[in-house]
Chemist: 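Quick one: this structure, given as structure tokens, is what I'll be asking you about.
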Amino acid sequence: MTSADKGNSVDFIREIVERDIREGKNGGRVHTRFPPEPNGYLHIGHAKAICIDFGIAEEYGGLYNLRFDDTNPVKEDIEYVESIMRDIKWLGFDWKDRLFYASDYFDIMYNYAEELIEKGVAYVCDLSAEEIREYRGTLTEPGRNSPWRNRSVEENLDLFRRMKAGEFSDGARTLRAKIDMASPNMNMRDPAIYRILRRNHHRTGDRWCIYPMYDYAHCLEDSIEEITHSCCSIEFEDHRPLYDWFLNRLDIFHPQQIEFARLNLTFTIMSKRKLAILVEKGLVSGWDDPRMPTLSGLRRRGYTPEAIRNFTDRIGIAKRDSTVDMALLEYCIRDDLNRRAPRFMAVLDPLKVTIENYPSGKCEELEFINNPEDASAGSRIVQFSRELYIERDDFQEEPHRKFRRLAPGREIRLRYAFLITCVDVVKDEDGNVTELICTYDSETRGGNAPDGRKVKSTIHWVSAEYAVMAEVRLYDRLFTVENPLASDSFIETINDESLKVLNRCRIEPSAADLDIGEPVQFERMGYFCKDPDSTEEKLIFNRTISLRDTWKKILKNQE
RNA sequence: UGGGGCGUCGUCAAAUGGUUAAGACACAGGGUUUUGGUCCCUGCAUUGGGGGUUCGAAUCCUCCCGCCCCAGCCA
């Protein structure tokens, strides 16, 4: 959706961008960036940020950079840079040759730091981490100046060069910005801008033993790349004065930082740390578990990039804290898949049906429409035979008042096949229904009766002879409550039924040849895709999302 | 209790002092239907609270209330 589709209303960021273009700021350029730290996997909250950063640049004919903000080697790894690039590409964005790393700028950043020292606005501080904390003061009390605050430029320069040269141990000294220890904004109380840290960096190896801090590094990265609009999440709002401070002292290109609210979603969590707990404790199978809000999880689950992009367009952008209803994401994936997913028959919980007046060994080929929403999807041939499977839920021996499907003596339609009537129910010694004996009307091939009689329902089926076995993994929301973090222990709110594995599913044979991840609809059951765990011998499907279930609602509303 | 930010339908979110406060999701009802799907129709808020300015206020002023963020040598 572009801004034009939304009428005249655009979000506040686009409003700023449009005004800047109109006023010729930055020569009318729009240049954004998405700056992840490669320390974990991307989740749908990042997708929102990516769609804002990259989407806006695309919309206004600008450029966008992918930049890895790799200034802390303690937490970063090449594994993450690879997964991040994979996920962004999957979302459909192409940063072309504009791939950058903060670590590419370490030399420039170092030189700028010397410049700050020369200008008398940065100094080497010998306070320990603990002492710095004590000197910083509190939210209500001002901090105190470091005893090292007034070193000469020469001494600072000498010390800083020796920090770089590796003369001091980790944590022994820092380079700090000389701002205001009494500032009501804690970020302005002489923040550290370089720390001594001997750690192998995934790109620069052991070349550096000092690393720049975020507040110092980020504005420089943006400036060096001549970013015009630097969007970030709301918690950086009170870092903006610092962002501006560095750029003003250095008197270099000055991007505008704009903050927006991060995405929260009901029935899940977005915290990287807490998601990691789920992975570590084995509560999910990994970062790409289909129940995870990670992009790799959503992809494996069967979510499409189009659905996710549509979702991020629909939620809008604002500054207030908000929690979007998971139902909107679910709506978006159903909406996308309804239009594109070819239909197949699959019986998840099989109940055998024998058509007693259908000759054994006979097989008829029936024509099935691949997608009623898309005529160009064409049709396919499906085999019909004497022995079939239907969904166990599609039969009730003593039908509920509103139940329209199969019951003793009742005639219903087998989709695209025949009208059948249940004439007998076979049970085991415990009284469980094991098989249905039905008759069919050979005049109703295709599903319509020549005499025009109607039936109340149409159910799906597979031929017992031709269907293939599959495992189907039914996923549901990972948590039982809207806000798991409001609970004392979010772990305890995990939905025990968020994964159900069905082993005896029978699917129409043509569905066996699907590619991994290719979305399909199993008619009346939901949207599914083949899981990468599938092998030649064993087919495994994931349920992306069920169809909307009015029947479930009818039952619920009766309670 | 210092500073910064934010309060509009159940949930997101428009509205930029001027007709009945958009739209979407959700929810409720109805219609169509060879998926109890899709699709179509209908219903669904006076803007955190109080004062004030104005012919006119969600928009401006003011007082109050509530929520979020900040005291890493993380980002």
Chemist: Knowing that exactly one of Arg173(A), Arg162(A), Arg161(A) qualifies, which makes a salt bridge (Lys or Arg N to Asp or Glu O under 4.0 Å) with Glu167(A)?
Modeler: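 Exactly one option meets the salt bridge (Lys or Arg N to Asp or Glu O under 4.0 Å) with Glu167(A), and it is Arg162(A).
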Chemist: Parallel under 30°, tilted from 30 to 60°, perpendicular over 60°: which one fits the rings of Tyr440(A) and Phe384(A)?
Modeler: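 It falls in the tilted class, 30° to 60°.
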Chemist: What integer number of Å spans the P atoms of U42(B) and A24(B)?
Modeler: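 The same atom, P, in both gives a distance of 11 Å.
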Chemist: Taking the same atom, C1', in U54(B) and in U1(B), what whole-Å distance lies between them?
Modeler: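 Nearest-Å result for U54(B) against U1(B) at atom C1': 38 Å.
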Chemist: To the nearest angstrom, how far is Ile258(A) atom CD1 from G4(B) atom P?
Modeler: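 Rounded to whole Å, this separation is 20 Å.
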Chemist: Between Leu328(A) and Lys454(A), who's closer to the 5' end of RNA chain B by nearest nucleotide?
Modeler: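 On the 5' side of the pair lies Leu328(A).
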Chemist: Using atom P in both nucleotides, what's the gap between U16(B) and G10(B) to the nearest angstrom?
Modeler: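 About 23 Å, rounded to a whole number of Å.
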Chemist: When you measure from the centre of the six-membered ring of Tyr123(A), is the NZ or CZ of Arg151(A) closer than 6.0 Å and no more than 45° off the axis?
Modeler: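 So Arg151(A) doesn't make the cation-pi contact.
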Chemist: Less than 4.0 angstrom between a side-chain N/O of Arg524(A) and OP1 or OP2 of G36(B), yes or no?
Modeler: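 So the side chain of Arg524(A) is within the cut-off, an N or O lying under 4.0 Å from OP1 or OP2 of G36(B).
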Chemist: Quick one: do the Tyr243(A) and Gln256(A) side chains pair a donor with an acceptor below 3.5 Å?
Modeler: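 No, no side-chain donor-acceptor pair sits under 3.5 Å.
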Chemist: Paired stems touching RNA chain B, three or more consecutive Watson-Crick or G-U pairs with both distances under 3.5 Å?
Modeler: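 The stems that RNA chain B takes part in, listed by first number, are B:2-7 with B:65-70, B:10-12 with B:23-25, B:27-31 with B:39-43, B:48-52 with B:60-64.
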Chemist: Ignoring backbone atoms, establish whether Arg334(A) has a side-chain N or O less than 4.0 Å from OP1 or OP2 of U38(B).
Modeler: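 Arg334(A) to U38(B) OP1/OP2: no side-chain N or O under 4.0 Å.
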Chemist: Within residues 337-347 of chain A, which residues have any heavy atom lying less than 4.0 Å from an atom of RNA chain B?
Modeler: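 Of all residues in residues 337-347 of chain A, the ones placing a heavy atom under 4.0 Å from RNA chain B are Asn338(A), Arg343(A).
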Chemist: Closer than 4.0 Å, any side-chain N/O of Ser183(A) to the OP1 or OP2 of G3(B)?
Modeler: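 No, because none of the side-chain N or O atoms of Ser183(A) sits under 4.0 Å from OP1 or OP2 of G3(B).
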Chemist: I would like to know whether Phe344(A) and Phe368(A) meet ring pair (Phe, Tyr, Trp, His ring centres under 6.0 Å); could you show each step before the answer?
Modeler: CA-CA 9 Å; Phe344(A) 290 91; Phe368(A) 274 53; 9.9 Å; no
Chemist: Mind checking whether Phe236(A) and Tyr214(A) have ring centres under 6.0 Å apart?
Modeler: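 Yes, ring centres under 6.0 Å apart.
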Chemist: Consider the side chain of Arg404(A), meaning its heavy atoms from C-beta on, and name the nucleotide among G36(B), U35(B), A13(B) that approaches it most closely.
Modeler: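 It is G36(B).
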Chemist: Is the Tyr216(A) to Phe246(A) ring centre distance short of 6.0 Å?
Modeler: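 Ring centroids of Tyr216(A) and Phe246(A) are less than 6.0 Å from each other.
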Chemist: Taking the inter-plane angle between the rings of Tyr211(A) and His201(A) on a 0 to 90° scale, is it parallel (under 30°), tilted (30 to 60°) or perpendicular (over 60°)?
Modeler: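 Parallel.
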Chemist: Roughly, in whole Å, what's the span from CG in Asp325(A) to P in C25(B)?
Modeler: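 Rounded to the whole Å, the gap is 12 Å.
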Chemist: Using the C1' atoms only, state how far C27(B) lies from A15(B), rounded to an integer number of Å.
Modeler: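 Approximately 25 Å lies between the C1' atom of A15(B) and that of C27(B).
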Chemist: Given atom NZ of Lys48(A) and atom P of C12(B), what is their separation to the nearest angstrom?
Modeler: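 From Lys48(A) NZ to C12(B) P: 11 Å.
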Chemist: If you pin Leu329(A) and Ser322(A) to their nearest nucleotides in RNA chain B, which one's is more 5'?
Modeler: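 It is Ser322(A), whose closest nucleotide lies nearer the 5' terminus.
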Chemist: Please measure how far the C1' atom in U59(B) lies from the corresponding atom in A22(B), and state the result in whole Å.
Modeler: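 These two C1' atoms come out 16 Å apart once rounded.
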Chemist: Look at Arg320(A) and G7(B) and indicate whether a side-chain polar atom (N or O) is within less than 4.0 Å of OP1 or OP2.
Modeler: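 Yes, within the criterion.
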Chemist: In whole Å, what separates the P atom of C61(B) from that of G17(B)?
Modeler: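 The answer is 13 Å between these two P atoms.
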Chemist: Which nucleotide, G5(B), C27(B), G36(B), lies nearest any side-chain atom of Glu237(A)?
Modeler: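 So the side chain of Glu237(A) is nearest to G5(B).
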Chemist: With rounding to whole Å, what would you report as the distance between U32(B) and C41(B) at their P atoms?
Modeler: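 To the nearest whole Å, 15 Å.
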Chemist: For G7(B), is chi within 90° of 0 (syn) or not (anti)?
Modeler: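 Anti, which is what one calls it when the glycosidic angle falls more than 90° from 0.
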Chemist: Can you check the Ile545(A) CD1 to C25(B) C1' distance for me, whole Å?
Modeler: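 Distance, rounded to whole Å: 13 Å.
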Chemist: When every nucleotide of nucleotides 68-75 of chain B is labelled 5' to 3' by its protein contacts under 4.0 Å (heavy atoms), B for base, S for sugar-phosphate only, - for none, what sequence of letters results?
Modeler: SBBBSBBB
